[in-house]
Number of protein chains: 2
Amino acid sequence: MKLQIGIVDDNDHISQQIAENLLLTDEVDIAFMASSGREALQWLNKHKNHPQLILMDIEMPGMNGIETTFRIKSEYEDVKIIMLTVFDNEANIFNAIKAGASGYLLKDEKLPVMLAAFTEVLEGGAPMSPAIAMKTMQMLIGGYKTDKQLLYNENQEELSRRELEILELMATGNNSAAIAGKLFISPSTVKKHIENIYRKLHVNSRVELLLWYQQS
Amino acid sequence: MKLQIGIVDDNDHISQQIAENLLLTDEVDIAFMASSGREALQWLNKHKNHPQLILMDIEMPGMNGIETTFRIKSEYEDVKIIMLTVFDNEANIFNAIKAGASGYLLKDEKLPVMLAAFTEVLEGGAPMSPAIAMKTMQMLIGGYKTDKQLLYNENQEELSRRELEILELMATGNNSAAIAGKLFISPSTVKKHIENIYRKLHVNSRVELLLWYQQS
DNA sequence: CAAAAAATACGCCTTTATGCGTATTGCACT
DNA sequence: AGTGCAATACGCATAAAGGCGTATTTTTTG
């Protein structure tokens, strides 16, 4: 039987695309696609045959990917989880690992890389052969400044699904017009969303926004 | 005797600041400060007592931090080198590790983290900022596509010292006016530099610039 | 159903950013 | 001495971004 995979992403378009790509390789089956953490948990509760692997978006409204990962791992520890994100945010990486994620891939990762990652994860996770990776894990698990994710959730008003979608497009280099084109909405609307995002995150430029996510 | 440290950074202001911070802890001595790779090598050639540890900026005009690291490690293999950078660029991480760097820290890392990193390195470990550690893991898990650093150097016209300086300021959220203020030059000049940077790197906005460096 | 939240959209105005041409000065290398 | 590059600086133009108010529709939720 092929590798069974679940996909959790609030953006149906993205999960659809990932699923299509994966199916083309003919090496995996898509067990389920969920567009929220709650949905994913419900699916797992209702079904007996769980996928071996779940691809989990981090940036989701409501229950985010990290919390979802934590809950899934508490109930079904055998399921491996790979986080998908467009941001390599420090606090997120740290929390994802603590929550039990086995891998952490950027969304724009190429297909072969993804497939290789699947194999590695299923073979017992961390291919930490070089000493560097060992140290890395030790440091991450051993004690990174935990104060960060507190701030992280306290200061932040939650972004809506649409806002997260726009945020991701901004973070991949799209200007307002391009975003409007891709989402089939007016540039005015995009600008308004961006305005709201800025207010919620206390930033006031695209660069600051990226820094907010990336530098921490 | 205290830990002897060398600092190599083309931006004297930054090395000065790092040095001051480190000296305040009263745990280290600054053996030397060099503002180029060549200078660092010359210092090492002229002196018998080498520092145990060198902090090395990656983004330097002329001989960059990676090449400098490689040369230092070929001649003086006992010296540990920690790379300092504002970017967690994949190709750089990969090449820095190949060149023999022991650690890889972001420049805005806090002092306690830095000191802990020093100890780790001297004990044979490999400290990294979590964001970078994750990139490393990705590369190890996913198999790193080595073609990237070729592109990296072919497509890229080399940035001048001033351009790198401005690049770093841009990458930390400064707008043109702020950069002008910090460098005591006219906003017009800053704009011209930015224009030149864009041309050299084939980008045309701040966000693209950040992506060029960060997403790889 | 009613209230709240989210998504949609415009207009107006100010500030920044971007692109291009031009020009001067100083320094390094030949 | 001359060439080339880096750094400095302006002006002019268009494009994009950012801030604020307002308003309608749709969706979610109690």
Side-chain angles (χ1 to χ4, degrees), chain A residues 10-13 35-39 59-63 156-171 173-212, chain B residues 10-13 35-36 38-39 59-63 156-212:
Chain A
D10 63 295
N11 187 328
D12 294 331
H13 185 255
S35 57
S36 75
R38 209 167 301 279
E39 228 177 83
E59 293 89 13
M60 291 191 294
M63 194 193 303
Q156 180 194 166
E157 283 185 64
E158 230 177 56
L159 297 186
S160 73
R161 168 180 306 215
R162 197 54 150 177
E163 284 163 353
L164 284 170
E165 201 171 359
I166 283 171
L167 173 52
E168 290 191 15
L169 287 169
M170 292 175 76
N174 293 279
N175 65 18
S176 303
I179 296 174
K182 290 182 183 176
L183 298 183
F184 306 105
I185 57 180
S186 147
S188 309
T189 308
V190 174
K191 284 175 69 179
K192 177 54 76 180
H193 280 306
I194 292 175
E195 200 183 317
N196 293 333
I197 292 171
Y198 284 0
R199 186 174 29 69
K200 287 185 181 178
L201 302 186
H202 309 294
V203 300
N204 45 47
S205 79
R206 276 157 150 85
V207 174
E208 279 180 41
L209 185 64
L210 259 73
L211 293 176
W212 193 92
Chain B
D10 63 295
N11 186 328
D12 294 330
H13 186 255
S35 58
S36 76
R38 209 166 301 277
E39 226 177 86
E59 292 89 13
M60 292 192 294
M63 194 193 303
Q156 183 195 164
E157 285 186 65
E158 229 178 58
L159 298 185
S160 73
R161 168 180 306 215
R162 198 52 150 179
E163 284 162 354
L164 284 169
E165 200 171 0
I166 285 170
L167 173 52
E168 290 192 15
L169 287 169
M170 292 174 79
T172 47
N174 294 278
N175 65 17
S176 303
I179 296 174
K182 290 182 185 177
L183 298 183
F184 306 106
I185 57 181
S186 147
S188 309
T189 307
V190 174
K191 285 172 70 180
K192 178 51 77 180
H193 281 306
I194 292 174
E195 203 183 315
N196 293 332
I197 292 171
Y198 284 1
R199 186 175 30 71
K200 288 186 181 178
L201 302 186
H202 308 294
V203 299
N204 45 45
S205 78
R206 276 156 150 85
V207 174
E208 279 180 40
L209 184 65
L210 260 72
L211 292 176
W212 192 91

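Atom set for the values below is all heavy atoms of this structure, side chains included, hydrogens, waters and symmetry mates excluded. Letters A, B, ... mirror the listed sequences (proteins, then strands); counts begin at 1.
- Comparing C:dC10, C:dT18, D:dA9 by their nearest atom to the side chain of B:Ser188 picks out D:dA9.
- The interatomic distance linking B:Ile197 (CD1) with D:dA6 (C1') rounds to 13 Å, in whole Å.
- Phosphate proximity of D:dG18 to A:Tyr198: present, with a side-chain N or O under 4.0 Å from OP1 or OP2.
- The nearest whole Å value for the distance from the CZ atom in A:Arg199 to the P atom in D:dC20 is 10 Å.
- Side-chain atoms of A:Lys192 come within donor-acceptor range of the base of D:dG21, with a qualifying N/O pair under 3.5 Å.
- Contact check, B:Thr189 against D:dT8: no side-chain N or O comes under 4.0 Å of OP1 or OP2.
- Toward the 5' end of DNA chain D, the nearer of the two residues B:Leu183 and B:Glu195, judged by each one's closest nucleotide, is B:Leu183.
- No donor-acceptor contact under 3.5 angstrom links the side chains of A:Ser36 and A:Arg161, judged on distance only.
- Judged by distance alone, the side chain of A:Asn174 and the main-chain N or O of A:Leu169 form a donor-acceptor pair under 3.5 Å.
- Counting to the nearest Å, the C1' atom of D:dT22 and the NZ atom of A:Lys191 are 15 Å from each other.
- The shortest side-chain heavy-atom distance between B:Glu208 and B:Leu201 does not fall under the 4.5 Å cut-off.
- Proximity of a side-chain donor or acceptor of B:Asp10 to a complementary backbone N or O of B:Met60 within less than 3.5 Å is not detected.
- Minimum atom distance to the side chain of B:Ser160 is reached by D:dA6, of the listed D:dT8, D:dA6, D:dA17.
- Regarding B:Asn175, its CG atom lies at a distance of 19 Å from the P atom of C:dT14, rounded to whole Å.
- Between A:Ser176 and D:dA17 there is a side-chain polar atom (N or O) within less than 4.0 angstrom of OP1 or OP2.
- Distance CD (B:Glu208) to C1' (C:dT18): 12 Å, rounded to an integer number of Å.
- Residue B:Ile194 places its side chain closer to C:dT18 than to any other of D:dA17, C:dT18, D:dA7.
- Regarding A:Leu209, its CG atom lies at a distance of 12 Å from the P atom of D:dG19, rounded to whole Å.
- Residue B:Arg161 places none of its side-chain N or O atoms closer than 4.0 Å to OP1 or OP2 of D:dA7.
- Two residues are said to be in side-chain contact when any heavy atoms from C-beta on lie closer than 4.5 Å; A:Lys200 and A:Glu163 meet this criterion.
- One interatomic measurement links the two molecules: NE2 of A:His202 to P of D:dG19, which rounds to 13 Å at whole-angstrom precision.
- Under 4.0 angstrom from either OP1 or OP2 of C:dT16 there lies no side-chain N or O belonging to A:Arg206.
- Using a 4.0 Å cut-off, no side-chain N or O of A:Ser205 falls inside it from OP1 or OP2 of D:dA17.
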Side chain to side chain contact (heavy atoms under 4.5 Å, CB included) between B:Val190 and B:Leu183, worked out
CA-CA 9 Å; B:Val190 174; B:Leu183 298 183; 5.5 Å; no
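- You'll find that the side chain of A:Ile185 is closest to C:dA9, out of C:dA9, D:dG18, D:dA16.
- For A:Ser186 and C:dT8, the shortest distance from a side-chain N or O to OP1 or OP2 is not below 4.0 Å.
- Going from atom CG of B:Leu210 over to atom P of C:dA17 covers 13 Å, rounded to whole Å.
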